[in-house]
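No hydrogens, no waters, no symmetry mates; every other heavy atom, side chains included, goes into these values. Along the sequence shown, residues carry numbers from 1.
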Amino acid sequence: MRLISWVLGFIFLIPLLFSCAQGAVYKYYWVVKQTNFTKLCTKSTVLTVNDSFPGPEIHAARGDTVFVTVQNDGPYGITIHWHGVRQPRNPWSDGPEYVTQCPIKPGGKFTQEINLSTEEGTLWWHAHSDWSRATVHGAIKVFPAKGTSYPFHKPDGDQTIVFSSWYKSKVMNVLDEALATGGDPNISDAYTINGEPGNLYNCSKETMYSLLVKTGKTYLLRIVNAILNEEMFFAIAHHNMTVVGSDGAYVKPFSTDYLFITPGQTMDVLVTANQSASYYYMVLTPFLDTESSYDNTTSRALIRYSGNYATPRSIPTPKFPNISDSISAQLFVVRLKSLANAAHPISVPKNITRRYFITVSVNLVACPNSTGCTVSGNNKLAASLNNNSFVLPSTSLLQEYYDNNYNVSRIADQLPNKPPTPFNYTTVANMSTYTSEGRRVIKLNYGDEVEIVFQGTNIGATQNHPMHLHGYSFYLVGTGSADFDNGTDPGRFNLVDPPEVNTIAVPRKGWSAIRFKADNPGVWFMHCHFERHTTWGMSTVVIVKDGRTKKTSMRPPPSYMPPCS
C-alpha cells in the first residue's frame with residue numbers, strides 16, 4: 001500500500017516537476033491610458049502604460065512564461081508586440097495589428113502569453129498599431145536560467161537605458177497629417193534617454209537623466225533603441241563600453257568608444273567606473289546619410305560618480321563619428337559575432353532550400369483624384385519589398401489563415417523571390433520610382449533553411465533600413481556596399497560565428513544577408529523598423545507551414561481574441 005501511495009504521489013508530482021523545469025510563470029496587469037507630461041516647455045498628452053514613459057519593465061529568466069493582461073483605457077485601438085521573443089508555435093500573442101490580431105478596442109482587454117525559450121539578455125516590448133509605440137514601450141530583461149550564469153563576470157549593477165522620440169504634438173496627429181498629404185511626416189522635437197531630453201533642449205536641464213555609479217564598479221547597461229525613425233550613435237565621455245550582447249543573445253565581447261544602434265535593436269554593454277570621481281556626459285546623436293528629413297538634435301544624460309568632490313564647471317563630452325559616417329556604422333556592425341561555444345552554441349543553416357533576393361526601396365504611388373496627395377503631383381510616398389508595397393487587411397491575417405485551413409492562396413499572393421525587373425540596384429538613374437500595392441507574402445515549409453539577401457536601391461530617398469522579422473532570430477552572415485554579387489559575395493559569408501539577431505541595418509546602397517531555419521510555424525510580420533516606412537508598405541508576412549507533428553505545428557487560438565469589428 002505504501003508503495004502504491006508513493007507511486008501515485010510521484011505520478012501526481014510529475015506535471016508539477018515538468019512545469020518547474022520549464023521555468024517560472026509571471027503575471028502583469030497593464031493599463032494603457034493617456035497621461036500628461038511637461039517636456040520642452042510644453043504640456044503634452046501621450047499614451048502610456050501604467051502612466052510611465054518609458055513603460056514598465058518585464059523581468060524573467062530564460063525559459064519562463066509571462067502573462068500580460070492589457071487593459072485599454074485609451075482613445076483608440078492598441079496592440080502590444082514582444083520584440084525579439086520567438087513565441088514558439090504561438091503567433092496569437094505576437095501582437096502586430098491586422099497581422100496576428102485586431103486592436104484591443106477602447107474599454108477592452110486582452111491577455112497575452114509571452115513564451116521565453118532560448119532568448120537571454122535584453123529584449124523589449126512596444127505598441128504595434130499606428131505610431132503608438134512612440135510612447136508605449138519598455139524593456140524585457142531576460143536573466144540566465146536558474147543554475148546558469150552570465151558568460152562574463154556578474155556586474156555590480158544593472159541599468160536599462162531606453163532611447164525614445166518625443167513630439168510636442170500628438171504623434172497620431174503627426175501620422176494623420178502625413179497620411180492626408182501623402183508626404184513625409186513631421187520630425188520629432190527631441191530624443192530622450194530614459195524619458196528625459198537632456199540639457200541641450202529647452203526646459204530640460206533639471207530633469208536630465210543621471211546614472212549614479214561607484215568608483216571601481218562595473219555596470220551592465222541594457223540599451224534599447226525605441227526611436228521611431230532614426231538610427232543612432234551613442235557614447236560616454238572617457239569611458240569605453242564592452243559589448244557583450246545584442247537582441248537577446250550574447251556576442252564575443254569587444255571594446256568600443258561608440259555604439260551604432262538601429263530602431264528595434266538592443267545592446268548589452270559593460271561599463272566600468274574607472275575614471276576620476278566626477279560627472280561625464282552620455283550622448284545620443286543621429287546617424288543619417290540621406291536626403292530625407294530627420295531630427296538633427298542631440299540628447300544628453302549624466303554618469304555621476306558617488307562621493308565627495310566639487311561639481312565640475314565643465315563636464316566632459318564624448319567624440320562622435322560624423323552624422324553621415326556610414327563607414328563607422330558598418331565597422332561597428334561587422335564586429336558583432338556570436339559566442340558560438342559549447343555553452344552558447346549556434347546552428348547556421350548551410351543547406352539552403354529557399355533563397356530570396358529582396359530589393360528595399362522608397363517609392364511613389366499615384367493617388368485617386370478625390371484625395372489631396374501633394375507629392376510630385378497627385379502622388380503619395382510609398383515603400384516596397386521587391387516592388388510590392390504591402391497593404392494590411394482590416395482583419396487578422398493569422399485568423400484568416402487558420403479559418404481557411406492554412407490555405408495561403410486564399411488570403412494573399414506570393415511575394416516574388418527576386419525583383420520583377422533586375423537592374424543595377426545602387427547606381428540606376430532611370431528606373432521608375434512607382435511601385436505596386438498588394439498583399440504579397442513569403443510562404444515557407446516547416447524545416448526550410450532560408451537565405452534572404454536584402455538589397456538597398458537607388459530609388460527614392462536612399463538610406464539605411466532596419467529590417468526586423470517577428471517570431472525568429474536569424475544569423476547576419478554578410479553585409480556589404482554596392483550591388484550584391486552572387487558569384488563572389490557568398491564566399492565571404494561568415495558561417496562560423498555570425499551574430500544571432502532579430503533586427504539588422506541594411507546599408508544605404510548596400511546589402512545584408514541573413515539565414516534562419518523555418519522551425520517556428522505561424523504567421524510572422526517582416527518589416528522595416530522605421531515607422532514611416534512600415535506605414536508606407538515596406539513589409540511583408542512570412543507564413544511558415546506546420547510540420548508533421550503536434551510539437552511542430554502552430555498552437556490553436558486562445559479562447560478569446562480581440563474582435564475585428
Side-chain angles (χ1 to χ4, degrees), residues 81-91 94 96 99-100 115-121 123 245-251 262 264-266 333 336-340 344-358 360 385-386 415 417-418 441-455 465-479 484 489-490 493-506 511-529 539-547 551-554:
H81 166 55
W82 320 98
H83 187 114
V85 179
R86 292 178 180 83
Q87 295 286 71
R89 304 173 45 237
N90 183 27
D94 190 49
V99 176
T100 62
N115 309 115
L116 297 170
S117 53
T118 60
E119 305 90 342
E120 191 172 323
L123 301 172
S246 180
D247 285 4
Y250 297 117
V251 300
T262 74
Q265 282 186 325
T266 66
V333 170
L336 294 168
K337 300 180 186 298
S338 290
L339 284 180
H344 300 278
I346 63 171
S347 180
V348 184
K350 296 179 181 178
N351 300 311
I352 302 303
T353 58
R354 298 293 297 276
R355 281 188 166 87
Y356 274 80
F357 181 79
I358 298 179
V360 185
L385 300 177
N386 276 354
L415 184 76
N417 65 357
K418 59 185 178 181
V441 304
I442 294 173
K443 182 175 70 173
L444 301 174
N445 293 319
Y446 186 91
D448 272 340
E449 297 196 0
V450 186
E451 177 182 289
I452 300 176
V453 177
F454 294 104
Q455 175 69 63
H465 295 287
M467 297 302 300
H468 170 54
L469 174 60
H470 293 221
Y472 285 86
S473 288
F474 48 77
Y475 297 102
L476 175 62
V477 296
T479 186
F484 177 75
D489 285 328
F493 283 176
N494 176 11
L495 304 181
V496 177
D497 57 359
E500 187 176 9
V501 292
N502 60 62
T503 307
I504 56 167
V506 179
W511 58 270
S512 292
I514 68 171
R515 290 186 177 186
F516 64 95
K517 186 173 183 178
D519 55 3
N520 191 12
V523 175
W524 308 105
F525 202 32
M526 185 169 75
H527 61 100
C528 179
H529 225 275
S539 58
T540 187
V541 167
V542 176
I543 298 179
V544 179
K545 296 170 65 176
D546 282 353
K551 289 184 178 181
T552 60
S553 298
M554 192 174 75

Is the shortest side-chain heavy-atom distance between [X] and [Y] below 4.5 Å?
X: Val450; Y: Ile352; value: no
X: Cys528; Y: Ser539; value: no
X: Glu451; Y: Thr353; value: no
X: Val523; Y: Val99; value: yes
X: Leu339; Y: Val251; value: no
X: Asn115; Y: Val85; value: no
X: Val542; Y: Ile442; value: yes

Holding to side-chain hydrogen bond (donor to acceptor under 3.5 Å, both in side chains), I want the full list of residues that pass it with [X], two or more places apart in sequence or in another chain.
X: Tyr356; value: Arg354
X: Thr479; value: Gln330, Ser512
X: Glu120; value: Arg62, Tyr250
X: Asp94; value: His81, His470

N/O donor to acceptor pairs below 3.5 angstrom from side-chain atoms of residues 495-506, sequence neighbours left out:
{"unit_1": "Asp497", "atom_1": "OD1", "unit_2": "Asn494", "atom_2": "ND2", "d": "2.8"}
{"unit_1": "Asp497", "atom_1": "OD2", "unit_2": "Lys252", "atom_2": "NZ", "d": "3.1"}
{"unit_1": "Glu500", "atom_1": "OE2", "unit_2": "Arg86", "atom_2": "NH2", "d": "3.1"}
{"unit_1": "Asn502", "atom_1": "OD1", "unit_2": "His83", "atom_2": "NE2", "d": "3.0"}
{"unit_1": "Thr503", "atom_1": "OG1", "unit_2": "His83", "atom_2": "NE2", "d": "3.2"}
{"unit_1": "Thr503", "atom_1": "OG1", "unit_2": "His468", "atom_2": "ND1", "d": "3.3"}

**Item:** Phe474: ring pair (Phe, Tyr, Trp, His ring centres under 6.0 Å) partners, not counting sequence neighbours
**Value:** none
**ring pair (Phe, Tyr, Trp, His ring centres under 6.0 Å) involving Phe493 - partner list, sequence neighbours excluded** = none
**Message:** Going by side-chain contact (heavy atoms from CB on, under 4.5 Å), name the residues that satisfy it together with Tyr472, two or more places apart in sequence or in a different chain.
**Reply:** Leu469, Phe516, Ala518, Asp519, Asn520, Trp524, Val544
**Asked** What residues form a side-chain contact (heavy atoms from CB on, under 4.5 Å) with Thr552, not counting sequence neighbours?
**Response** Tyr446, Thr549
**Request:** Have a look at Trp511 and tell me which of Phe357, Phe454, Phe484 forms a ring-ring contact (aromatic ring centres under 6.0 Å, His included) with it.
**Result:** Phe484
**Prompt:** Nearest 0.5 Å, what's the CD1-CE distance between Ile543 and Met554?
**Reply:** 9.5 Å
**Request:** Check for a donor-acceptor pair, side chain of Tyr475 on one end and backbone N or O of Ser347 on the other, with a separation under 3.5 Å.
**Result:** yes
**Request:** Taking salt bridge (charged side-chain N to carboxylate O under 4.0 Å, His left out) as the test, write out the residues that go with Glu449, two or more places apart.
**Result:** none
